[in-house]
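Here the structure comes first, spelled out in structure tokens, and everything after it is commentary.
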Amino acid sequence: MLLLAVIIGAALIMLSVYIEWALYRPIRNLVTKMVEISEGNFEAQITDMTNLREIRILNRTFNTMVEEIKHLKITVYEDALREQKTKLAWLQMQIRPHFLVNALNTVYSMINMNRAQNAMDMCIYLSRYFQFLYNRPTELILISEEIEHVTTYMKIQQMRRPTAVFYDVDIDKDCNLCLLPPLLLQTFVENSFKYGCDPAGKLYVSIKARREGIHTVITIFDHGPGFLPDILEQINRQKTIINNGRECVGIANVCERLKLFFKDRARMIAYNDEGAVIKIYIPMEER
């Protein structure tokens, strides 16, 4: 009986050691690697060998899963980087050659008319305008910086057509910390100058910003003929606008950049109210 008890005890000890080596240790190792993965170490791999087929399959499956997650992470990063480069390229394309040519022609005319002070003012505005375009990074900027830029643009246009261009800017002080993508308002202001003149050729543009709950609401208005029905529908459905067979990507790009920075926390609507109206809802962000 004593011998049998010793044999049984030894067998239990060997079984316990085998279970520890063949089952518990691989499982603990797997749990350790899973913790490393959760902490961001995607180089974690299980290299321990085991005789249990099920554990080997589990280990191979885990290693394959880690490789796929790492590949997916790299793919997502590359897609995001490509998207950012696309936005940067769009920003760098904002220089309008005809705008510069027209402005320089205005400066030339002012000099010929002995309006030296006006010519110097125009040169200063042009310098500020292009300095913003060249030096502005692609991260969010304060609303005051964006307003300063579009105001400079409107001043240049007003100096070119002093009796036809009028504008008003009213930014509530509660909106001073609002952050938005650079050149977000430029597209709509340019569209107002293209399409917002009344039959007499005059243009009035208004830009306002008010705090509404967790959003800063920016309103751009012009007193022109307003949006055509099909254009209005395309804007509000956030589709690329097709106007007279020509693709207009500016507004669609604005929608894309809003999604890029704010996901579904920002939105834009367009409607007609004695002219064209654009409202952009920007969530308050900490700088």
Side-chain angles (χ1 to χ4, degrees), residues 88-138 141-171 181-209 218-228 231 241 243-251 253-254 274-278:
L88 178 59
W90 182 85
L91 293 177
Q92 292 172 338
M93 290 172 59
Q94 291 307 296
I95 300 175
R96 305 287 191 234
H98 68 274
F99 170 75
L100 176 59
V101 171
N102 290 338
L104 291 177
N105 284 338
T106 301
V107 172
Y108 179 80
S109 298
M110 289 175 175
I111 294 174
N112 273 346
M113 297 168 63
N114 295 320
R115 294 165 55 192
Q117 186 59 54
N118 292 137
M120 287 189 290
D121 291 341
M122 177 68 96
C123 289
I124 290 173
Y125 294 146
L126 284 172
S127 174
R128 291 174 182 171
Y129 179 83
F130 286 107
Q131 184 179 28
F132 183 94
L133 290 182
Y134 278 117
N135 298 334
R136 177 53 47 207
T138 57
I141 62 173
L142 286 170
I143 189 173
S144 58
E145 298 176 82
E146 178 73 3
I147 291 297
E148 182 180 2
H149 175 67
V150 295
T151 300
T152 298
Y153 174 83
M154 291 188 291
K155 285 179 178 178
I156 292 171
Q157 296 286 22
Q158 189 177 56
M159 292 192 73
R160 292 184 56 236
R161 300 161 55 198
T163 61
V165 174
F166 306 91
Y167 65 88
D168 176 61
V169 177
D170 183 10
I171 308 301
L183 299 178
L184 187 74
L185 307 182
Q186 179 75 20
T187 295
F188 302 109
V189 173
E190 286 186 356
N191 284 344
S192 291
F193 278 89
K194 288 180 182 177
Y195 309 112
C197 293
D198 63 18
K202 293 186 177 182
L203 172 70
Y204 169 70
V205 179
S206 170
I207 302 176
K208 296 182 179 180
I218 305 171
T219 305
I220 304 105
F221 164 80
D222 67 59
H223 78 319
F227 297 106
L228 295 173
I231 300 296
I241 297 173
N243 188 14
N244 294 326
R246 186 171 64 90
E247 186 177 77
C248 305
V249 299
I251 294 179
N253 192 282
V254 168
E274 298 183 355
V277 184
I278 290 285

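Computed from a predicted model, the values in this text were never measured in an experiment. Computed over heavy atoms, backbone and side chain alike; hydrogens, waters and symmetry mates excluded.
Counting heavy atoms from C-beta outward, Val205 and Phe221 have side chains that stay 4.5 Å or more apart. Counting only heavy atoms from C-beta outward, the side chains of Thr219 and Ile207 never approach each other to under 4.5 Å. Two residues are said to be in side-chain contact when any heavy atoms from C-beta on lie closer than 4.5 Å; Leu126 and Ile156 meet this criterion. A heavy-atom distance below 4.5 Å is not found between the side chains of Arg115 and Ile111. With a 4.5 Å cut-off on side-chain heavy atoms, Ile147 and Leu142 do not count as touching. Using a 4.5 Å heavy-atom cutoff, the side chains of Ile220 and Val277 are not in contact. Counting heavy atoms from C-beta outward, Met154 and Phe193 have side chains that approach closer than 4.5 Å. Side-chain contact check for Tyr167 versus Thr151: some heavy-atom pair is nearer than 4.5 Å.
Between Tyr195 and Phe227, the ring center distance fails the sub-6.0 Å criterion.
Shortest non-hydrogen contact noted between Phe132 and Glu145 is CE1-O, 3.8 Å. Contact detail for Asp121 and Met159: the closest heavy-atom pair is CB-CE, 4.0 Å. A pairwise comparison of heavy atoms in Met122 and Thr106 identifies CE-CG2, 3.6 Å as the closest pair. Closest heavy-atom contact between Ser192 and Asp222: OG-OD2, 2.9 Å.
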Audit row: Val107, Cys123, side chain to side chain contact (heavy atoms under 4.5 Å, CB included) steps and yes/no
CA-CA 8 Å; Val107 172; Cys123 289; 4.1 Å; yes
Do Ile278 and Ile218 pass the side chain to side chain contact (heavy atoms under 4.5 Å, CB included) test, and can you show the C-alpha distance, the side-chain angles, and the key distance before you say yes or no?
CA-CA 8 Å; Ile278 290 285; Ile218 305 171; over 6 Å; no
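A side-chain donor-acceptor contact under 3.5 Å links Arg161 to the backbone of Gly201. Checked by atom type and distance alone, the side chain of Glu146 pairs as donor or acceptor with a backbone atom of Leu185 at under 3.5 Å. Remark: side-chain polar atoms of His223 are paired, donor with acceptor, to backbone N or O of Tyr204 under 3.5 angstrom.
Looking at His149 and Gln186, their side chains do bring a donor and an acceptor atom within 3.5 Å of each other. Residues Arg160 and Gln157 have side chains that bring a donor and an acceptor to within less than 3.5 angstrom of each other.
Here the OG-CG distance, from Ser109 to Leu104, works out to 11.0 Å after rounding to the nearest 0.5 Å.
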